[in-house]
Amino acid sequence: MTHAAPGDLIVDWYAAAARDLPWRAPGVDAWAVLVSEVMLQQTPVARVEPVWRQWLARWPTPATLAAEPTGEVIRAWGKLGYPRRALRLQAAAAVIAAEHDGVVPDDVDTLESLPGIGSYTARAVACFGYGQRQPVVDTNVRRVVARLVHGRAEALPARASDLGDVAALAPADHDRAVRFSVAVMELGALVCVAGTPRCGVCPVRGVCAWRLAGSPAHDGPARKVQKFAGTDRQVRGRLLDVLRAATGPVEQPELDAVWDDPVQRGRCLDSLLVDGLVVQTDDARFALPG
DNA sequence: AACGCGTGGTC
DNA sequence: TGACCAAGCGT
């Protein structure tokens with residue numbers, strides 16, 4: 001008797017267990033997929049959903065986003081976090097509009113050359129947006145591969161061989177291989193999670209190298225969790241929050257009120273100016289870019 | 001290659 | 001309750 005390959009088990013599990021997410025609906029185009037993928041970089045699904053709907057209703061094509069004042073784009077990004085992503089997404093839209101006839105490229109290398117689009121996002125767009133057979137490796141997938149294939153408790157740092165590891169798990173059939181790429185991510189997001197994995201409901205528990213090894217604890221160094229309170233990130237967030245809420249340019253004292261330490265405050269405001277998230281007006285006030 | 005970059009939910 | 005976590009990217 002033959003055993004189903006892990007990739008097939010994961011695809012079949014996905015058919016029954018996948019979340020019903022709007023960017024996975026039939027007819028969602030590559031632009032909508034691209035917007036979702038950039039928003040989902042480090043931001044949870046629940047917070048992305050409403051903003052993604054608003055963006056696609058407002059900017060249904062790359063050209064429409066490219067034509068918008070950047071301040072409006074930053075404002076519409078809202079509190080998704082890491083607002084430089086909004087800047088880069090608009091810059092990518094501008095390249096798509098100017099150099100690709102407004103059509104999101106379907107080639108991984110071309111996608112990867114766009115601002116804010118790296119290895120993960122390029123492959124996600126090619127696979128989810130264009131139905132290509134592509135290994136798509138994010139943190140969830142690296143964790144699944146670490147356990148299922150390598151018998152380790154936690155993901156290793158990203159490395160070039162990740163793509164081959166995932167490709168080796170994919171079913172031979174084209175359509176199933178395409179679905180496998182999203183399915184293995186979903187498995188990592190719902191079952192093979194970072195905290196306590198739900199091995200009892202895992203479709204590949206019987207062939208998982210980590211389980212078969214007795215679920216050994218992670219041996220390497222614990223990865224350090226980044227601080228937030230008191231960091232420049234927090235200060236930048238507060239400064240930008242004031243500017244997003246304002247209808248026009250704001251005076252310096254209004255920004256000074258968000259943080260006591262003038263040195264750190266000044267450094268953060270300057271970095272926002274350097275990033276292009278904030279501009280200074282002729283009369284020395286501050287605003288989102290026009 | 002390690003680090004900086006936002007925000008809010010969870011246990 | 002604060003540590004941990006969430007579909008990365010650029011430098």
Side-chain angles (χ1 to χ4, degrees), chain A residues 14 18-19 21-24 28 32-52 74-75 77-89 91-92 111-129 134-145 154-160 162 166 181-190 192-197 218 221-244 258-259 264 267-268 270-272 274-278:
Chain A
Y14 180 81
R19 290 167 294 179
L21 301 177
W23 41 86
R24 292 176 180 166
V28 170
V33 170
L34 173 54
V35 173
S36 77
E37 292 302 337
V38 173
M39 289 181 172
L40 287 163
Q41 293 169 359
Q42 304 285 279
T43 301
V45 165
R47 283 167 45 208
V48 165
E49 255 201 67
V51 182
W52 179 83
I74 294 168
R75 210 170 252 122
W77 191 256
K79 309 201 86 169
L80 291 181
Y82 295 143
R84 295 189 296 189
R85 290 182 293 165
L87 240 38
R88 291 175 180 145
L89 183 51
L111 284 163
E112 214 168 334
S113 75
L114 297 173
I117 300 187
S119 173
Y120 162 76
T121 305
R123 288 176 172 77
V125 170
C127 183
F128 310 153
Q134 293 285 351
V136 178
V137 178
D138 72 339
T139 184
N140 290 309
V141 173
R142 290 210 319 281
R143 190 171 53 248
V144 171
V145 169
E154 292 183 20
L156 298 165
R159 56 197 207 285
D162 292 338
V166 175
S181 286
V182 66
V184 67
M185 283 178 59
E186 190 78 339
L187 186 69
L190 298 183
C192 195
V193 294
T196 307
H218 177 63
R223 77 172 182 95
K224 54 177 139 185
V225 50
Q226 61 178 358
K227 294 282 172 253
F228 177 66
T231 63
D232 286 4
R233 282 202 329 290
Q234 181 178 25
V235 180
R236 285 167 54 105
R238 287 193 183 181
L239 290 168
L240 207 55
D241 202 30
V242 169
L243 294 165
R244 271 194 307 257
V258 307
W259 199 256
Q264 185 177 21
R267 179 175 69 236
C268 290
D270 189 57
S271 74
L272 289 169
V274 168
D275 285 348
L277 285 163
V278 175

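Naming: A, B, ... by sequence-line order, numbering from 1 per chain. All heavy atoms count here, side chains included; hydrogens, waters and symmetry mates do not.
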Counting primed atoms, P, OP1 and OP2 as sugar-phosphate and everything else as base, the B/S/- map of nucleotides 2-11 of chain B against protein heavy atoms under 4.0 Å is -SBBBBS---

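- For the pair A/Glu112 and A/Val45, nearest-nucleotide mapping onto DNA chain C gives the more 5' position to A/Val45.
- Nucleotides C/dC9 and B/dG8 are separated by 23 Å at their P atoms, to the nearest Å.
- Both A/Pro115 and A/Ala194 lie close to DNA chain C; mapped to their nearest nucleotides by heavy-atom distance, the more 5′-ward contact belongs to A/Ala194.
- The environment of CZ in A/Arg223 is sparse: at most 12 heavy-atom neighbours from other residues, nucleotides or ligands sit within 6.0 Å.
- In this structure, A/Arg19 reaches the bases: a heavy-atom distance under 4.0 Å links it to at least one base atom across the strands shown.
- The distance from atom CG of A/Asp162 to atom CZ of A/Arg142, rounded to the nearest 0.5 Å, is 6.0 Å.
- Rounded to whole Å, the separation between the P atoms of C/dT11 and C/dA7 comes to 24 Å.
- Here, B/dT10 and C/dG8 have their C1' atoms 22 Å apart, quoted to the whole Å.
- Interatomic distance, A/Arg236 CZ to A/Leu272 CG, rounded to the nearest 0.5 Å: 4.5 Å.
- Scored by the side-chain hydrogen bond (donor to acceptor under 3.5 Å, both in side chains) test, A/Gln134 finds A/Gln132 as partners (sequence neighbours excluded).
- A/Arg223 comes within 4.0 angstrom of sugar-phosphate atoms only, judged by non-hydrogen atoms across all strands, and of no base.
- No contact: A/Trp77 has no heavy atom under 4.0 Å from any strand.
- Within 4.0 Å (heavy atoms only), A/Leu239 reaches no atom of the nucleic acid at all.
- Residue pairs meeting the salt bridge (charged side-chain N to carboxylate O under 4.0 Å, His left out) criterion with at least one member in residues 41-50 of chain A, sequence neighbours excluded, are A/Glu49-A/Arg53.
- The side-chain hydrogen bond (donor to acceptor under 3.5 Å, both in side chains) check on A/Asn140 picks up A/Asp138, A/Arg143, with sequence neighbours excluded.
- Within 4.0 Å of A/Ser36, counting heavy atoms only, lies no atom of the nucleic acid at all.
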Could you go step by step and tell me if A/Arg267 and A/Ser271 meet the side-chain hydrogen bond (donor to acceptor under 3.5 Å, both in side chains) rule? CA-CA 6 Å; A/Arg267 179 175 69 236; A/Ser271 74; over 6 Å; no

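- Once you apply a 4.0 Å limit to the heavy atoms of chain A, the touched nucleotides of DNA chain C run 5' to 3' over C/dC4 to C/dG10.
- Not counting sequence neighbours, the partners of A/Trp23 by the ring-ring contact (aromatic ring centres under 6.0 Å, His included) test are A/Trp52.
- Salt bridge absent: A/Asp241 and A/Arg238 never bring a charged side-chain N and a carboxylate O closer than 4.0 Å.
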